[in-house]
Amino acid sequence: MDTAIIPSTFLLTLLLLVGLFFFIRASTKDRTEQAKIASEDDETILMGQLKDYFQSRAYRVVSADPEKKEVIFEGFVQPSWFLAVFLTVLAALGLACLGLVLAQLFSSQNPFFLVLVAPLSGIFYWRQSGRIEKVLLKMEFCQNEQHPSSIITVTAHRDELAELKRALQVKIVHVIT
């Protein structure tokens, strides 16, 4: 076999493992966004709908400031079993590939000892992604010549914003990441 094939395969495998490492690390990244929701409904009706929605999603009111027209919700976000298993399988496959390349490079007998480290990726994900998340609602009132409207600024996880849009059929005017 050509002597350049195995070292170049080893280098490519290491590069793939670096990508896998950053993929596993990014699975726990905070993805909080801010969105503005416009509604023609009265602000008390819209705020009541949002309060009911977030309480149905296991969030609870932590603080409410009537002067600033702000409400802060808090809730525990469960990690996904599927994603924990998926990341563990990906790590096992990546480490098995590295083991095979190392076995060819160094003539090792048991190349799969690295696979034993793979469950650490699932454990890492599980510990980092199970956390308490906060949702901030801030009410604004926009007086227009044609018709008044309420604007609520929602600061939450991007998946929560997408679910909010789908569940309440509200129009999200502007998203700030």
Side-chain angles (χ1 to χ4, degrees), residues 1-37 50 53-63 72-138 153-170 172-177:
M1 191 175 270
D2 190 3
T3 57
I5 292 174
I6 294 177
S8 63
T9 304
F10 177 68
L11 179 66
L12 289 174
T13 305
L14 284 180
L15 289 174
L16 288 171
L17 285 175
V18 168
L20 178 64
F21 170 77
F22 283 108
F23 180 74
I24 291 169
R25 201 177 94 191
S27 68
T28 62
K29 182 180 175 191
D30 182 29
R31 288 168 169 52
T32 301
E33 293 182 354
Q34 195 174 53
K36 292 190 181 283
I37 298 173
L50 289 170
Y53 168 77
F54 284 113
Q55 286 179 340
S56 73
R57 304 261 304 159
Y59 285 89
R60 61 182 177 80
V61 177
V62 176
S63 71
I72 298 175
F73 293 92
E74 192 174 81
F76 184 74
V77 176
Q78 283 287 104
S80 166
W81 277 103
F82 172 77
L83 195 53
V85 171
F86 180 68
L87 291 173
T88 302
V89 169
L90 281 180
L93 289 172
L95 292 171
C97 291
L98 178 64
L100 286 173
V101 172
L102 288 175
Q104 290 293 316
L105 194 59
F106 298 116
S107 300
S108 167
Q109 295 299 326
N110 190 1
F112 298 111
F113 64 93
L114 289 172
V115 175
L116 299 175
V117 180
L120 291 178
S121 64
I123 293 169
F124 170 77
Y125 164 76
W126 195 262
R127 287 190 179 166
Q128 296 295 319
S129 66
R131 62 182 171 267
I132 294 177
E133 297 229 353
K134 291 188 178 190
V135 175
L136 171 69
L137 301 177
K138 183 172 175 120
T153 304
V154 182
T155 305
H157 191 275
R158 70 177 177 187
D159 294 339
E160 196 65 52
L161 290 174
E163 184 64 26
L164 173 69
K165 181 180 177 182
R166 187 193 66 74
L168 294 182
Q169 302 295 318
V170 293
I172 294 183
V173 179
H174 184 65
V175 177
I176 304 165
T177 54

Peer 1: Please say which of Ile24, Val85, Leu20 ends up in a side chain to side chain contact (heavy atoms under 4.5 Å, CB included) with Leu90.
Peer 2: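 Of the listed options, the one satisfying the test is Leu20.
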
Peer 1: Let me confirm one number: the OG1-CG distance from Thr153 to Leu136, rounded to the nearest 0.5 Å.
Peer 2: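 One gets 8.0 Å once the value is rounded to the nearest 0.5 Å.
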
Peer 1: Distance-only criterion, 3.5 Å: show the donor-acceptor pairs between side-chain atoms of residues 4-16 and protein atoms not counting sequence neighbours.
Peer 2:
from	atom 1	to	atom 2	distance (Å)
Ser8	OG	Ala4	O	2.9
Ser8	OG	Ile5	O	2.9
Thr9	OG1	Ile5	O	2.7
Thr13	OG1	Thr9	O	2.7

Peer 1: Residues two or more places apart in sequence or in another chain: which of them pass salt bridge (charged side-chain N to carboxylate O under 4.0 Å, His left out) with Arg31?
Peer 2: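 Applying salt bridge (charged side-chain N to carboxylate O under 4.0 Å, His left out) to Arg31 gives none.
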
Peer 1: Heavy-atom count around Phe112 CZ within 6.0 Å, excluding the residue itself: above 12?
Peer 2: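 It does: Phe112 CZ has more than 12 such atoms within range.
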
Peer 1: According to side chain to side chain contact (heavy atoms under 4.5 Å, CB included), who are the partners of Leu93, at least two apart in sequence or on a separate chain?
Peer 2: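 Side chain to side chain contact (heavy atoms under 4.5 Å, CB included) check on Leu93 returns Val89.
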
Peer 1: Only counting residues at least two apart or in another chain, list the ones meeting side chain to side chain contact (heavy atoms under 4.5 Å, CB included) with Phe22.
Peer 2: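 Expected list: Val18, Arg25.
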
Peer 1: How would you list, by chain and number, every residue that makes a side chain to side chain donor-acceptor pair (under 3.5 Å) with Asn110, sequence neighbours excluded?
Peer 2: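 Per chain and number, Asn110 pairs via side chain to side chain donor-acceptor pair (under 3.5 Å) with no residue.
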
Peer 1: Under the side chain to side chain donor-acceptor pair (under 3.5 Å) rule, collect the residues that match up with Glu74, sequence neighbours excluded.
Peer 2: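 Per chain and number, Glu74 pairs via side chain to side chain donor-acceptor pair (under 3.5 Å) with Arg60.
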
Peer 1: What is the minimum heavy-atom distance between Phe73 and Val61, and which atoms define it?
Peer 2: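 Shortest heavy-atom contact: CE2-CG2, 3.4 Å.
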
Peer 1: Using ring pair (Phe, Tyr, Trp, His ring centres under 6.0 Å) as the criterion, list what pairs up with Tyr125, not counting sequence neighbours.
Peer 2: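 Per chain and number, Tyr125 pairs via ring pair (Phe, Tyr, Trp, His ring centres under 6.0 Å) with no residue.
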
Peer 1: Applying side chain to side chain donor-acceptor pair (under 3.5 Å), which residue pairs with at least one partner in residues 76-89 are found, sequence neighbours left out?
Peer 2: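 For residues 76-89, and leaving out neighbouring residues, there are no side chain to side chain donor-acceptor pair (under 3.5 Å) pairs at all.
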
Peer 1: In residues 113-124, what donor-acceptor pairs under 3.5 Å come from side-chain atoms, sequence neighbours left out?
Peer 2:
from	atom 1	to	atom 2	distance (Å)
Ser121	OG	Leu87	O	3.3
Ser121	OG	Ala118	O	2.8

Peer 1: Working to the nearest 0.5 Å, report the span between CH2 of Trp126 and OG1 of Thr28.
Peer 2: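 Reported value, rounded in 0.5 Å steps: 14.0 Å.
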
Peer 1: Could you grab the distance from atom NE2 of His157 to atom CD of Glu163, nearest 0.5 Å is fine?
Peer 2: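 If I round to the nearest 0.5 Å, the distance is 13.0 Å.
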
Peer 1: Is there any salt bridge (charged side-chain N to carboxylate O under 4.0 Å, His left out) pair reaching into residues 105-131, and which pairs are they, with sequence neighbours excluded?
Peer 2: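 Listed by first then second residue: Arg131-Glu133.
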
Peer 1: How long is the gap from NZ on Lys29 to CD on Gln128, to the nearest 0.5 Å?
Peer 2: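 Between Lys29 NZ and Gln128 CD, I get 14.5 Å after rounding to 0.5 Å.
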
